Chemist: 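Sharing a structure here in structure tokens format.
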Number of protein chains: 2
Amino acid sequence: MPDLEGVSPLILNRLSVYLRCLRHLQETGVERISSQQLADRFLLSASQIRKDLAQFGDFGIRGVGYEVAVLADHLNSLLGLDRSHPLLIVGMGNLGSALSRYLGFNHGAFKVVAAVDRDPEKVGRDMGDFVIRHVDDLPAVVRDSGAEIGVLAVPASAAQENYEALVRAGIRAVLNFAPARVKRIQGVPLKNVDLRINLEEVAFVLGPQGRGRGASLADPLDDDLPT
Amino acid sequence: MPDLEGVSPLILNRLSVYLRCLRHLQETGVERISSQQLADRFLLSASQIRKDLAQFGDFGIRGVGYEVAVLADHLNSLLGLDRSHPLLIVGMGNLGSALSRYLGFNHGAFKVVAAVDRDPEKVGRDMGDFVIRHVDDLPAVVRDSGAEIGVLAVPASAAQENYEALVRAGIRAVLNFAPARVKRIQGVPLKNVDLRINLEEVAFVLGPQGRGRGASLADPLDDDLPT
DNA sequence: AGATGTGAATGAGTTCACAGCT
DNA sequence: AGCTGTGAACTCATTCACATCT
């Protein structure tokens, strides 16, 4: 049953992970796989895989396993990756440039179609598929490019105002990489990603002044998974 | 009781969040605050704040609240941010450069002290506090710089080999930003951070072809918190 | 046999509600 | 009175174990 409402972020992220594993298997020429094999191969839990998947329909074949290609395609469309998601990068400094490379992937589901910056030096630069435009032109840029998701890669102090500008320009969702919490405006999904928190986590396991050796606590690192 | 073993990553991340809120309050001149006020101010849960904090000692004063400065300092040292954590960036492309800016923060707890790259073009470039060196010199770079945490910002295909090189060079922990899962070697804490998963999450809330409007599901975005 | 899908059991994490300190 | 610290209640998530299908 495609019970799409109320899917927890935990399950969602695992689906992404499963999909990546499956793509990997596909490239390796594997056609069928059981939940147990998947779990062994990628350090996951077999029963969890089954439960996660069963939520969205009966993709498997009892006694056999899952058809890699079929399952991958199901997940792909479930995650909304079967249609293209045009991205707009706001702020083309190092982070913005890095993200524009990093995020274009996944069988073409995500594609950077536009970028804006405040710096006149950068405006006009040709990025191959598009030209960097001025942040003041956001409304026109969003309209012309058809961008759907805005990616904030601006300094912390400029994050909130740029989010709001994106909303006014008609963007449908925003991902914020600036190290500042942005407050969501009703109706425009927003995800704040703070890269620094990961560093703090790692710093913690190293302990006060080198508590013991490495992995002390409940092995908390590693939330996400394979490629 | 500083029951440091077995702290869940969830709590850990919340502690980081609390600390940021407190720093913010400090700058605003607030000296005391109750869990309730904190919760209201930053969209948190009061009882959760109290429970999280109580785990590590009695920082609060009944009937009064928490002394902002005191609590901030406690958290700071609890998270290991009172001593300096020298960072080494591996891969000085756009992402590496961006991270080297982005991650230097937090009252000087994190400082980039060295960087390496494979590209002879980049080797030798002066970054102010240090000079980019060749990745083959990792052992010497780690020794000379005293780097503690390695930050991988290399292409996916090079992630595993560079992690292993870091381990051989004597690094104490690693944060991997390459879009590839790296397998941990016993004794060297590793955290894989996959930026793409955030995009997929946002794409999902937008739904198949624009299911409803914005925030459909259980509002899953927004894990982390304020600055 | 061999693997899925799923209720039942366990465990983790969060909220409630209040006793006890200031 | 006001607010913390904490056991008890509750909700959410994961794992177990097995009936069911191929």
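Chain naming here is simple, since letters A, B, ... match the order of the sequence lines and numbering starts at 1 in each. As the structure is a prediction and not an experimental result, all values here were calculated from the model.
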Chemist: Taking protein heavy atoms under 4.0 Å as touching, what does nucleotides 9-18 of chain C look like 5' to 3' if B marks base contact, S marks sugar-phosphate-only contact and - marks none?
Modeler: ----SSBBB-
Chemist: Let me have the donor-acceptor pairs involving side chains of residues 147-156 of chain B, under 3.5 Å, with sequence neighbours excluded, atom names and distances please.
Modeler:
| unit_1 | atom_1 | unit_2 | atom_2 | d |
| --- | --- | --- | --- | --- |
| B/E148 | OE1 | B/H85 | ND1 | 2.5 |
| B/E148 | OE2 | B/R83 | NH1 | 3.2 |
| B/E148 | OE2 | B/R83 | NH2 | 3.2 |

Chemist: Taking any atom under 4.0 angstrom from a heavy atom of chain A, which nucleotides of DNA chain D are the first and last to qualify, 5' to 3'?
Modeler: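 Going 5' to 3' along DNA chain D, contacts run D/dA13 to D/dT22.
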Chemist: Does B/A180 offer a backbone N or O that forms a donor-acceptor pair with the side chain of B/N176 under 3.5 Å?
Modeler: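 Side chain of B/N176 to backbone of B/A180: a pair is present.
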Chemist: For A/F177, run the side-chain contact (heavy atoms from CB on, under 4.5 Å) check against A/V193, A/D194, A/N192 and tell me which one passes.
Modeler: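 Among A/V193, A/D194, A/N192, the one that satisfies the side-chain contact (heavy atoms from CB on, under 4.5 Å) with A/F177 is A/V193.
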Chemist: Using salt bridge (Lys or Arg N to Asp or Glu O under 4.0 Å) as the criterion, list what pairs up with B/R50, not counting sequence neighbours.
Modeler: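 Listed in chain order: nothing, the list is empty.
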Chemist: With the threshold set at under 4.0 Å for non-hydrogen atoms, list the residues of residues 59-72 of chain A touching DNA chain C in residue-number order.
Modeler: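 A/F59, A/G60, A/I61, A/R62, A/G63, A/V64, A/G65, A/Y66, in order of number.
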Chemist: Taking the side chain as C-beta and beyond, is there a heavy-atom pair between A/F204 and B/L15 under 4.5 Å?
Modeler: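 No, every pair of side-chain atoms sits at 4.5 Å or beyond.
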Chemist: Hey, which of A/K191, A/R20, A/R14 is the one that makes salt bridge (charged side-chain N to carboxylate O under 4.0 Å, His left out) with B/E200?
Modeler: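 Exactly one pass, corresponding to A/R20.
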Chemist: Say whether B/N76 and B/D82, considering side chains only, have a donor N or O and an acceptor N or O under 3.5 Å apart.
Modeler: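 Distance-only check fails for B/N76 and B/D82.
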Chemist: Is it the case that B/D40 and B/Q36 place a side-chain donor and acceptor less than 3.5 Å from each other?
Modeler: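 There is such a pair between these side chains.
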Chemist: Once side chain to side chain donor-acceptor pair (under 3.5 Å) is applied, what residue pairs with a partner in residues 150-159 of chain B remain, sequence neighbours excluded?
Modeler: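 Non-adjacent pairs meeting side chain to side chain donor-acceptor pair (under 3.5 Å): zero.
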Chemist: Check whether B/T28 reaches the backbone of B/V30 with its side chain - one donor and one acceptor, N or O, closer than 3.5 Å.
Modeler: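 Looks like no, no N/O pair under 3.5 Å.
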